[in-house]
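Every chain is numbered from 1 and lettered A, B, ... according to where its sequence line falls, protein lines coming before strand lines. The figures here come from the full heavy-atom set of this structure, side chains too, leaving out hydrogens, waters and symmetry mates.
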There are 2 protein chains.
Amino acid sequence: MLPAQPNQSLMDGLAVLQTVVGHPDGIGTRQMARDLGLEPTRINRLLKTLAHLGLAQQTARRKYRPGPAIHVLAAQALFGSGLLQRAVPHLEKLHRLDLIVALGVLWRDQVCYLYHAAPGMKPSQALGRVGLFPATRSGIGMALLAEQKDLHRFPVAVRSELRQTRARGYALVEPQPGRRERSLGVVIPGGTQAAIALSGVIADQRVEPLVAELRQAAAGIGAEESSPYPRSR
Amino acid sequence: MLPAQPNQSLMDGLAVLQTVVGHPDGIGTRQMARDLGLEPTRINRLLKTLAHLGLAQQTARRKYRPGPAIHVLAAQALFGSGLLQRAVPHLEKLHRLDLIVALGVLWRDQVCYLYHAAPGMKPSQALGRVGLFPATRSGIGMALLAEQKDLHRFPVAVRSELRQTRARGYALVEPQPGRRERSLGVVIPGGTQAAIALSGVIADQRVEPLVAELRQAAAGIGAEESSPYPRSR
DNA sequence: GAGCATTGTTGCTATTATAGCTACGCATCT
DNA sequence: AGATGCGTAGCTATAATAGCAACAATGCTC
């Protein structure tokens with residue numbers, strides 16, 4: 001819902017911040033302008049402003065990457081989100097299944113991982129490890145996309161897959177059909193707009209029990225955020 | 001360094017975002033205006049813009065708190081920062097000392113914790129658990145404040161303490177002198193602008209060995225960010 | 001419940017913060 | 001060396017924004 005007088009500079013500035021944060025090795029001013037469809041001088045001004053705040057910094061090659069204040073933002077966002085803290089105990093229990101265990105959110109048709117643990121990995125190593133991944137090729141992504149109202153903007157094949165996801169109540173993604181590498185995704189109930197997934201080699205008969213595990217974990221995570229208003233802390 | 005044409009809306013909008021993120025139970029428009037010294041209508045407009053982006057949401061009592069897009073920001077900032085991922089293996093090793101183990105950064109004379117583990121706590125439980133804490137009463141805060149160029153803005157007693165911190169090379173804070181509850185803080189070398197700390201009941205003769213532990217951990221964390229430019233990933 | 005104080009927010013409009021254009025020095029590639 | 005693309009400063013027109021006033025909603029006290 002657009003407010004009476006939205007602040008366009010803030011919106012574009014946040015888009016620039018979110019883009020630079022996703023490029024730890026740096027991104028150029030003009031490249032970002034092309035990506036975001038904005039005028040280069042404007043991008044440069046927003047980047048310079050972020051650099052002044054310490055949220056971006058320039059590399060030797062004049063590209064921009066996250067600056068030291070990004071750690072502040074990470075700390076603040078982690079605290080303000082509270083999701084990771086609530087979710088990790090439940091995700092840890094899924095480690096015994098010897099699959100990838102992941103928690104993610106949607107950003108511009110891409111999945112952004114809060115947690116991504118490969119088999120055998122410690123929970124603490126699963127943090128901030130993986131960047132963006134195309135949503136339509138991920139269990140998390142498909143589960144979350146299926147929750148959206150309007151599916152018309154997707155190609156026919158994706159739309160069909162999203163309808164199946166809705167009917168099943170979970171996402172099942174096979175990047176390479178027939179290979180049995182699969183990703184199962186389930187949305188966390190409540191207004192969190194996040195999802196969890198198990199990925200790896202998954203035989204047919206194993207799908208339903210794993211979905212049950214996911215649902216249990218998702219319910220546990222969602223139960224700690226059941227109140228849409230003041231949360232206990 | 002202020003750019004040629006800074007974007008004030010972005011700066012103020014980010015201040016509003018950082019404030020709302022730190023209030024999980026909500027903060028009112030006019031209260032925030034008073035806190036930030038800005039005009040209420042302006043705050044309302046910035047908040048409404050953030051709400052449109054999902055980064056804020058209004059409570060039943062009309063206050064603003066973090067919205068669902070905060071999880072996206074947390075995921076992105078965690079990935080863009082990379083600090084937690086690098087630091088946690090080193091921090092885990094400090095758990096055996098049976099003290100509070102913490103990693104934090106400075107924000108407006110307050111410490112913002114990325115990691116704060118009480119004795120006996122699992123590393124995964126230490127995330128996003130604690131909000132802001134006054135910097136001058138924290139080992140992390142004092143260690144980071146001592147790194148700043150200009151100490152003139154602090155009261156005489158704090159300034160003297162900061163000079164001692166500089167001379168020692170680590171921070172030693174005693175919230176209640178004589179009680180032996182202490183907080184030891186050490187800055188992570190390199191441009192990270194973060195620090196780690198051990199806190200709890202610490203006897204005199206135990207201080208130096210603990211500082212050595214902290215320095216070792218800080219050096220380990222900093223070594224993984226030794227290049228001020230393109231980082232391996 | 002009534003009265004009062006505080007709050008969140010809208011519309012209007014003046015103003016100034018911002019955006020775009022141009023040009024220039026710098027970096028990279030052939 | 002030349003060509004191309006880059007990051008960015010200065011200038012200036014303009015439209016995005018800020019502040020004021022007013023109003024509906026909420027909270028507090030008696």
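One atom, CG of B/Leu2, and another, P of D/dA9, lie 11 Å apart when rounded to the nearest Å. If you take CE of A/Met11 and C1' of C/dA19, they are 16 Å apart, rounded to a whole angstrom. As rounded to whole Å, 8 Å separates atom P of D/dG19 from atom CG of B/Leu38.
In this structure, the helix from C/dG1-D/dC30 to C/dT30-D/dA1 shows an angle of 70° between the axis at its start and the axis at its end, each fitted on 5 base pairs and rounded to 10°.
Contacts of B/Tyr113 classified as ring pair (Phe, Tyr, Trp, His ring centres under 6.0 Å), with partners at least two apart in sequence or in another chain: B/His116. In this structure, B/Thr29 has no side-chain hydrogen bond (donor to acceptor under 3.5 Å, both in side chains) partners at least two apart in sequence or on a different chain. Not a single salt bridge (charged side-chain N to carboxylate O under 4.0 Å, His left out) links B/Glu181 to another residue, sequence neighbours left out. Residues satisfying the side-chain contact (heavy atoms from CB on, under 4.5 Å) criterion with B/Val72, sequence neighbours excluded, are A/Gln18, A/Val105, A/Trp107, B/Gln76. Scored by the side-chain hydrogen bond (donor to acceptor under 3.5 Å, both in side chains) test, A/Asn44 finds no partners at all (sequence neighbours excluded). For the side-chain contact (heavy atoms from CB on, under 4.5 Å) test, no residue two or more places apart in sequence or in another chain qualifies with A/Pro89.
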Side-chain donor-acceptor distances from residues 139-152 of chain A under 3.5 Å, at least two apart:
from     : atom 1 : to       : atom 2 : distance (Å)
A/Gln148 : OE1    : A/Arg153 : NH2    : 3.2
A/Asp150 : OD1    : A/His152 : N      : 3.0

Polar pairs (N or O, both sides) under 3.5 Å between protein and nucleotides 4-8 of chain D?
from  : atom 1 : to      : atom 2 : distance (Å)
D/dC6 : OP1    : A/Arg34 : NH1    : 3.3
D/dC6 : OP1    : A/Arg34 : NH2    : 2.8
D/dC6 : OP2    : A/Arg34 : NH1    : 3.4
D/dC6 : O2     : A/Arg62 : NH2    : 3.4
D/dG7 : OP1    : A/Thr29 : N      : 2.7
D/dG7 : OP2    : A/Thr29 : N      : 3.1
D/dG7 : OP2    : A/Arg30 : N      : 2.6
D/dG7 : O4'    : A/Arg62 : NH1    : 3.3
D/dG7 : O3'    : A/Gln58 : NE2    : 3.1
D/dG7 : N7     : A/Arg30 : NE     : 3.2
D/dG7 : N7     : A/Arg30 : NH2    : 2.9
D/dG7 : O6     : A/Arg30 : NH2    : 3.2
D/dT8 : OP1    : A/Lys48 : NZ     : 2.8
D/dT8 : OP1    : A/Gln58 : OE1    : 3.1
D/dT8 : OP1    : A/Gln58 : NE2    : 2.8
D/dT8 : OP1    : A/Tyr64 : OH     : 2.9
D/dT8 : OP2    : A/Asn44 : ND2    : 2.1
D/dT8 : OP2    : A/Tyr64 : OH     : 2.6
D/dT8 : O5'    : A/Asn44 : ND2    : 3.2
D/dT8 : O4     : A/Arg30 : NH2    : 3.0

Could you list the protein-to-nucleotides 12-18 of chain D atom pairs, N/O on both sides, closer than 3.5 Å?
from   : atom 1 : to      : atom 2 : distance (Å)
D/dT17 : OP1    : A/Asn7  : OD1    : 3.1
D/dT17 : OP1    : A/Gln8  : N      : 3.1
D/dT17 : OP1    : A/Ser9  : N      : 2.9
D/dT17 : OP2    : A/Pro6  : O      : 3.2
D/dT17 : OP2    : A/Gln8  : N      : 3.1
D/dA18 : OP1    : B/Arg42 : NE     : 2.2
D/dA18 : OP1    : B/Arg42 : NH2    : 2.6
D/dA18 : O5'    : B/Arg42 : NE     : 3.3
D/dA18 : N7     : A/Gln5  : NE2    : 2.7
D/dA18 : N6     : A/Gln5  : OE1    : 3.0
D/dA18 : N6     : A/Gln5  : NE2    : 3.1

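For the pair B/His52 and A/Pro3, the minimum side-chain heavy-atom distance is below 4.5 Å.
Pairs engaging residues 44-54 of chain A under the salt bridge (charged side-chain N to carboxylate O under 4.0 Å, His left out) rule: none recorded [sequence neighbours left out]. Every pair passing salt bridge (charged side-chain N to carboxylate O under 4.0 Å, His left out) that includes a residue from residues 1-20 of chain B is listed here, sequence neighbours excluded: B/Asp12-B/Arg42.
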